[in-house]
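Beneath this line is the structure, given in structure tokens, with notes to follow.
We count ligands from 1, going down the list as the structure has it; atoms in each ligand are counted the same way.
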Amino acid sequence: MDSPTPPIVIDDPNGSAMDACFTAFDKDGDDRLNLGEFTLICRALFRNDKGHIYDVPAERLQQIFEVFDTDADGYIDREEFKFCWNRWIKTIVRPVNAFLIVDVQNDFISGSLDISNCSAQQKGHEILEPINNLLEIVEFDAIFYSLDWHPSDHVSFIDNVKMRPMDESSPVDADSAQVFDTVIFAGPPPMKQRLWPRHCVQDSWGAELHKDLKVVDNGIKIYKGTNPEVDSYSVFWDNKKLSDTTLNAQLKMKGTTDIYVCGLAYDVCVGATAVDALSVGYRTILIDDCCRGTDFHDIEHTKEKVISNHGVVVHSNEVRGMIEGRDRRPELGYKLAMELKNPDSALSQRNGIRPID
Ligand code: VGL
Ligand code: ZN
């Protein structure tokens, strides 16, 4: 029979929630938590509001336990539990959530790089309704809109292909290059570049956010791809990591723990952004039905990569419960525990308490 699992309550009117939690789960009363007792905490944490308890593989439970059992004696004592409570449990129950809406711009929906002309033939406009719906019903702590924002002489445009010398190793030369081909421009170092139709030129109609996308008052716009010499798929950095946008600095300033990513194109800028979010250390959630992409195989690969890096892929109707801390995913708990081992992680550098709004 299952042991009864007390709920985790982090609200702390008289400063006793942490001690109450420790005591409630210290079933044998020896004033320390063994792996079995810690497992019960995980059963209380990783569940949804429909009463479903998510399975956490034993190996993962062990790995998480070891993060908090800092003296490796096989027990989490009250001192060790402080860190676990403040940095892990509090974040899981009350994350700080950013919503990142990637490149929902005219050119990708009905303009020069209309993704419905790509092999997957997906329609970009279909994401407008579920994204707007999320903006209506979910209270994110910060909302970002990225814009692909290229100068006229941008390296990715097919009609600029003769502006820069090609490397000898390029699989196609400038005369025969076609849209969507990948070429290699001369270095140093040589640079791979996929060629796109001219798109999202700064201040053009094609670069505007789609008119039916809801733009909230406190939304923050992030412009990328502004350097003519280097493309930028990720909203964090350009493809050569030469320079970053202000996104990460703004996320850190807000104490962000969780990033919800959606937009266009799934397998290009959305995917690159989600993978970078995970690499910086954020708990990262891809909202599948709020993305459309160019190539089925590449879209599948994007999802697999996010999942293998301990992110999750969800439907937009799951987002609200997650934001409100009612639906708590073990993959994200695992991700956070692993990040807390790494002092360089964005999540190690924040404290566990939500900033006062
Ligand atoms: C994008 C191709 C070229 C995107 C941007 O936003 O996904 N794709 N530039
Ligand atoms: Zn672009």
Side-chain angles (χ1 to χ4, degrees), residues 100-128 131 144-161 163-164 177-183 185 191-210 213 221-240 242-243 245 247 259 261-277 286-288 290-303 305-306:
L100 183 45
I101 302 165
V102 177
D103 300 359
V104 183
Q105 292 163 277
N106 289 326
D107 268 342
F108 298 120
I109 297 172
S110 58
S112 60
L113 219 175
D114 180 342
I115 59 165
S116 70
N117 297 322
C118 295
S119 62
Q121 300 186 4
Q122 298 193 339
K123 296 178 180 59
H125 70 82
E126 291 173 357
I127 67 175
L128 293 165
I131 293 175
F144 295 89
Y145 299 84
S146 74
L147 291 96
D148 209 30
W149 196 251
H150 297 315
S152 180
D153 56 348
H154 194 253
V155 65
S156 76
F157 297 168
I158 180 81
D159 48 318
N160 292 338
V161 72
M163 283 179 63
R164 296 166 181 84
Q178 313 253 329
V179 165
F180 306 136
D181 281 350
T182 298
V183 297
F185 287 113
M191 183 179 71
K192 256 191 174 179
Q193 177 65 52
R194 190 138 190 233
L195 298 172
W196 304 101
R198 173 173 288 273
H199 63 281
C200 298
V201 174
Q202 296 173 4
D203 298 309
S204 67
W205 170 86
E208 288 172 17
L209 295 178
H210 191 279
L213 176 68
K221 289 184 180 158
I222 304 280
Y223 296 87
K224 67 183 181 63
T226 56
N227 179 343
E229 302 307 324
V230 49
D231 212 352
S232 189
Y233 294 154
S234 163
V235 186
F236 285 89
W237 298 281
D238 62 72
N239 294 1
K240 286 165 91 177
L242 292 176
S243 57
T245 65
L247 177 62
I259 306 187
V261 191
C262 71
L264 306 171
Y266 205 152
D267 45 334
V268 187
C269 291
V270 175
T273 300
V275 168
D276 278 349
L286 202 48
I287 313 172
D288 188 47
C290 294
C291 302
R292 292 292 184 277
T294 72
D295 177 273
F296 279 123
H297 176 266
D298 293 345
I299 292 169
E300 276 317 301
H301 181 75
T302 298
K303 295 189 213 185
K305 197 151 181 206
V306 165

Tyr266 versus Asp288, side-chain donor and acceptor atoms under 3.5 Å: yes
query: Can Asp295 and Ser119 be counted as having a side-chain donor-acceptor contact under 3.5 angstrom?
result: yes
- prompt: Can you find a non-hydrogen atom of His199 under 4.0 Å from ligand 1?
  reply: yes
- prompt: Name of the Asp148 N, O or S atom nearest the Zn ion (ligand 2)?
  reply: OD2
message: Quick check on the Zn ion (ligand 2): does His154 put an N/O/S atom closer than 2.8 Å to it?
response: no
message: How far is atom 8 (N) of ligand 1 from the closest protein heavy atom, and which atom is that?
response: Val268 CG1, 3.6 Å
query: What do we get for Leu264 next to ligand 1 when only non-hydrogen atoms under 4.0 Å count, side chain, backbone, both or neither?
result: backbone
query: Taking it one step at a time, do Leu264 and Ile115 satisfy side chain to side chain contact (heavy atoms under 4.5 Å, CB included)?
result: CA-CA 9 Å; Leu264 306 171; Ile115 59 165; 4.0 Å; yes
With a cut-off of 4.0 Å, which atoms of ligand 1 are near a heavy atom of [X]?
X      : value
Asp103 : 4 (C), 6 (O)
Asp148 : 5 (C), 9 (N)
Ala265 : 4 (C), 6 (O), 7 (O)
Cys269 : 1 (C), 4 (C), 5 (C), 6 (O), 7 (O)

task: Could you tell me whether the side chain of Asn227 and the main chain of Glu229 form a donor-acceptor pair under 3.5 Å?
output: yes
- request: Could you please compute the angle at the Zn ion (ligand 2) from NE2 of His199 to NE2 of His150, rounded to 10°?
  value: 100°
task: Could you check Leu213 against Tyr145 for side chain to side chain contact (heavy atoms under 4.5 Å, CB included), going step by step and ending with a plain yes or no?
output: CA-CA 10 Å; Leu213 176 68; Tyr145 299 84; 3.8 Å; yes
- prompt: Do Asp148 and Lys224 pass the side chain to side chain contact (heavy atoms under 4.5 Å, CB included) test, and can you show the C-alpha distance, the side-chain angles, and the key distance before you say yes or no?
  reply: CA-CA 5 Å; Asp148 209 30; Lys224 67 183 181 63; 3.0 Å; yes
task: State whether the shortest distance between N or O atoms of Trp196 and N or O atoms of ligand 1 falls below 3.5 angstrom.
output: no
task: I would like to know whether Arg194 and Asp231 meet salt bridge (charged side-chain N to carboxylate O under 4.0 Å, His left out); could you show each step before the answer?
output: CA-CA 9 Å; Arg194 190 138 190 233; Asp231 212 352; over 6 Å; no
- request: Classify the angle between the aromatic ring planes of His150 and His199 as parallel (below 30°), tilted (30 to 60°) or perpendicular (above 60°).
  value: perpendicular
